[in-house]
Amino acid sequence: MEREIGELKQPHRILLGPGPSTLDYRVLRAMTTPVVGYMDLTFLHVMDETTELLRYVFKTENEKTLVLSGSGTAGMEASLMNLIQKGDRVLVGVAGYFSQRISEIVKRCGGELITVEAPWGQIIEPGEMKEALDKYEPPVVFMVHGETSTGIEQPLAEIGAMVRERGVIFGVDSVASLGGVPVETDEWNIDIIYSGSQKCLGAPPGVAPVSINERAWQKISSRAAIPSFYLDLNLIWKYWGSERVYHHTPPMSLIYGLREALRIIEEEGLEGRFKRHEINSQALLAGLGAMGFSPFAQEGYGLVTLNAIEVPEDIDEGTVRKRLLDEYNIEIVGGLGPLAGKIWRIGLMGTSSTRNNVLTILAALENILTDMDKPPAASGVSAAVEVYRKKAR
Ligand code: PLP
């Protein structure tokens, strides 16, 4: 049978989900630059530049700042596998899907898992972490900064200080927060931190930035080889660091894309970028509020890069999402696990966090809901425009 597989033509979606976010044309262009050998001096130079830009974004002086080949989960797995040995006690703050994933990996590493739990949509109280630190004396603690499943930004400064006081290693997931909200790696006493490329950094999916300080490195470098060859940070650093020993062939085109995305961040400046994410989230929430929707996250702790919205029972949230995609080309997502069918998750990450996108999704929602005989209480677009007008004054 004859078949024809045509040239790839993907739609230009308005990506307002939990990532990937929109790629700037500069990032797309950078990915079309030539692939060279993995020991080519020009590529080694690109690696060094990428590391330097990542130190700026992570707000760290950590020498060991590198890019793993793999998505955010590779960053998570590498951080945990390289630190945890069989029988090690690990304290994890659990209040959502991704902290559950961390817990699962701790168990797979043979670690003794201790959790401090909070209901999904709430932060983990520092006081509860303190109690657990004193009671269980774990050598390692892990927390998620931006919990994408619930739209919560977990405060970390106070917990980081408590963890450091006790000489414990502090690991943080910044997959949904880095590049969109302040992440103070050194100031918050974070010893190992990983992220993903495809969210607020505005790079293609598939690489995971990681930064490790000397306290964590001492633990990582003094242990027996881990079962994973691919995610062995000791071996990976021999390539990313000055030794330049081959470990595996890196995804150069993705690293080119990440480097350009980081250059864009540096040009915008972190403070301006955080402000942009904050204002667009405020406008979105004001618009949705006027339409009769409430945020799901605990008040004062909403993650501006991923806005979780409660969906009233009389609205079929799946139909609305499908219509947004089919009729308006807009991607948003529903809830994970226990929140399936109950919330929408609207991402405003990196290049996707724009005034235009906020007004477009509000207008689309207004039209769809009116068409479904659920007209909004008031105009979301007008309420959002009012936020922008006030900010401009
Ligand atoms: N951690 C958080 C907070 C995330 O939001 C995600 C992805 O959504 C991950 C980890 C896993 O990242 P990835 O899907 O890139 O493997």
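Treat the numbers as computed from the prediction; the structure is a model and nothing was measured.
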### Task
Go through the steps for Met143 and Asp173 under the test side chain to side chain contact (heavy atoms under 4.5 Å, CB included), then give the verdict.
CA-CA 6 Å; Met143 295 197 85; Asp173 175 316; over 6 Å; no
### Query
Taking C-beta and beyond as the side chain, do Leu66 and Ile236 meet within less than 4.5 Å on heavy atoms?
yes
### Query
Looking at side-chain heavy atoms only, is the closest gap between Val210 and Ile193 below 4.5 Å?
no
### Message
I'd like to know if Glu184 pairs up with Lys59 as an ion pair, taking the criterion as any Lys NZ or Arg NE/NH1/NH2 lying under 4.0 Å from an Asp or Glu carboxylate oxygen.
### Response
yes
#### Entry: Worked verdict on Glu49 versus Arg259 for salt bridge (Lys or Arg N to Asp or Glu O under 4.0 Å)
CA-CA 7 Å; Glu49 289 173 332; Arg259 173 185 174 280; 2.7 Å; yes
### Task
Keeping the roles fixed (side chain from Arg164, backbone from Ile169), state whether a donor-acceptor pair exists under 3.5 Å.
no
### side-chain hydrogen bond (donor to acceptor under 3.5 Å, both in side chains) partners for Thr73, two or more places apart
Arg101
### Message
For Phe293 and Trp344, I'd like to know if the aromatic rings sit close, meaning centre-to-centre distance below 6.0 Å.
### Response
yes
### Message
Suppose we call two aromatic rings close when their centres sit under 6.0 Å apart. Are Phe229 and His247 close by that rule?
### Response
yes
### Query
What residue pairs, at least two apart or across chains, pass salt bridge (charged side-chain N to carboxylate O under 4.0 Å, His left out) with a residue in residues 232-255?
Asp48-Arg244
### Message
With a 6.0 Å cut-off (strictly less than), is the heavy-atom count around CZ of Arg108, excluding the residue itself, greater than 12?
### Response
no
### Query
How about Asn213 and Asn62: does a side-chain donor come under 3.5 Å of a side-chain acceptor?
no
### Message
Check this for me, if you would: do Glu327 and Arg323 make a salt bridge, where the nitrogen-to-carboxylate-oxygen distance has to be below 4.0 angstrom?
### Response
yes
### Pair Asn356-Thr354, side-chain donor/acceptor within less than 3.5 Å
no
### Task
Any pair with a residue in residues 200-210 that passes salt bridge (charged side-chain N to carboxylate O under 4.0 Å, His left out), sequence neighbours left out, goes on the list, sorted by first then second residue, please.
none
### Message
Checking the side chain of Arg223 only, and the main-chain atoms of Ile84 only, is there a donor and an acceptor separated by less than 3.5 Å?
### Response
yes
### Query
Got a second to check how far Ser177's OG is from Lys199's NZ, nearest 0.5 Å?
10.0 Å
### pair Asn367-Tyr328: side-chain heavy atoms closer than 4.5 Å
yes
### Query
Within a strict 4.5 Å, meaning less than it, do heavy atoms of the Trp188 and Val163 side chains meet?
no
### Task
Using a 4.5 Å cut-off on heavy atoms from C-beta on, say whether the side chain of Val116 contacts that of Val94.
no
### Task
Working to the nearest 0.5 Å, report the span between CD1 of Ile255 and OG of Ser69.
6.0 Å
### Task
Without swapping roles, check the side chain of Trp120 against the backbone of Leu339 for a donor-acceptor pair under 3.5 Å.
no
### Query
Are Arg321 and Glu317 close enough for a salt bridge, meaning some N to O gap below 4.0 Å?
yes
### Query
How would you list all residue pairs meeting ring-ring contact (aromatic ring centres under 6.0 Å, His included) that involve residues 26-65, not counting sequence neighbours?
Tyr38-Tyr246
### Task
Show your reasoning for whether salt bridge (Lys or Arg N to Asp or Glu O under 4.0 Å) applies to Glu260 and Arg263.
CA-CA 5 Å; Glu260 191 60 22; Arg263 265 170 32 88; 2.9 Å; yes
### Rounded distance (nearest 0.5 Å) linking atom OG1 of Thr115 with atom CZ of Phe142
15.5 Å
### Message
To the closest 0.5 Å, what do you measure between CG (Leu53) and CG (Leu201)?
### Response
11.0 Å
### Ile343 side, atom CD1; Ser149 side, atom OG - distance, nearest 0.5 Å
7.5 Å
### Query
When you look at CD of Glu268, are more than 12 heavy atoms from neighbouring residues, nucleotides or ligands closer to it than 6.0 Å?
yes
### Between Thr65 and Ser211, a side-chain donor and acceptor under 3.5 Å
yes
### Query
Is the number of heavy atoms from other residues, nucleotides or ligands under 6.0 Å of Glu267 CD greater than 12?
yes
### Message
Counting C-beta onward and ignoring hydrogens, is there a side-chain heavy-atom pair between Leu133 and Met162 closer than 4.5 Å?
### Response
yes
### Message
Using only atom types and a distance under 3.5 Å, with no angle test, would you say the side chain of Glu112 pairs donor to acceptor with the backbone of Asp88?
### Response
no
## Note on the structure
When rounded to the nearest 0.5 Å, the distance separating CE of Met349 from CG of Asn357 is 13.0 Å
### Message
Holding to side chain to side chain contact (heavy atoms under 4.5 Å, CB included), I want the full list of residues that pass it with Glu61, two or more places apart in sequence or in another chain.
### Response
Asp186
### Message
I'd like to know if the side chain of Tyr301 and the backbone of Gly121 have a donor-acceptor N/O pair within less than 3.5 Å.
### Response
no
### Task
Tell me, yes or no, whether the heavy-atom count around Glu104 atom CD, taken from other residues, nucleotides or ligands under 6.0 Å, exceeds 12.
yes
### Inter- and intrachain pairs under salt bridge (charged side-chain N to carboxylate O under 4.0 Å, His left out), touching residues 351-370, at least two apart
none
### Query
Among Gln282, Glu386, Glu278, whose side chain to side chain donor-acceptor pair (under 3.5 Å) with Lys391 holds?
Gln282
### Query
Would you say the side-chain atoms of Asn307 pair up with the backbone N or O of Ile346, donor to acceptor, closer than 3.5 Å?
yes
### Task
Quickly, which of Val304, Leu359, Val358, Leu16 forms a side-chain contact (heavy atoms from CB on, under 4.5 Å) with Leu284? Name it, please.
Val358
### Query
Taking it one step at a time, do Thr351 and Leu23 satisfy side chain to side chain contact (heavy atoms under 4.5 Å, CB included)?
CA-CA 7 Å; Thr351 310; Leu23 294 183; over 6 Å; no
### Query
Going by an N to O cut-off under 4.0 Å, is there a salt bridge joining Arg29 and Asp24?
no
### Message
Please evaluate residues Asn82 and Ile212 with respect to the criterion side chain to side chain contact (heavy atoms under 4.5 Å, CB included), reporting the C-alpha separation (whole Å), side-chain torsions for both, the decisive distance (0.1 Å), and the verdict.
### Response
CA-CA 11 Å; Asn82 282 274; Ile212 309 152; over 6 Å; no
### Non-hydrogen side-chain atoms of Val311 and Lys342 separated by less than 4.5 Å
no
### Task
Output yes when a side-chain donor or acceptor of Ser352 lies under 3.5 Å from a complementary backbone atom of Leu15, and no otherwise.
yes
### Glu187, CD: over 12 other non-hydrogen atoms inside 6.0 angstrom
no
### Query
Hey, mind stepping through Lys64 and Glu214 against salt bridge (Lys or Arg N to Asp or Glu O under 4.0 Å) and telling me if it holds?
CA-CA 8 Å; Lys64 284 150 190 105; Glu214 288 311 308; 3.1 Å; yes
### Message
Walk me through whether Leu285 and Ser281 qualify under side chain to side chain contact (heavy atoms under 4.5 Å, CB included).
### Response
CA-CA 6 Å; Leu285 294 179; Ser281 170; 4.0 Å; yes
### Task
Answer yes or no: is there a side-chain heavy-atom contact under 4.5 Å between Ile220 and Trp237?
no
### Query
Do Arg166 and Asp134 meet the salt-bridge criterion of a basic N to acidic O distance under 4.0 Å?
yes
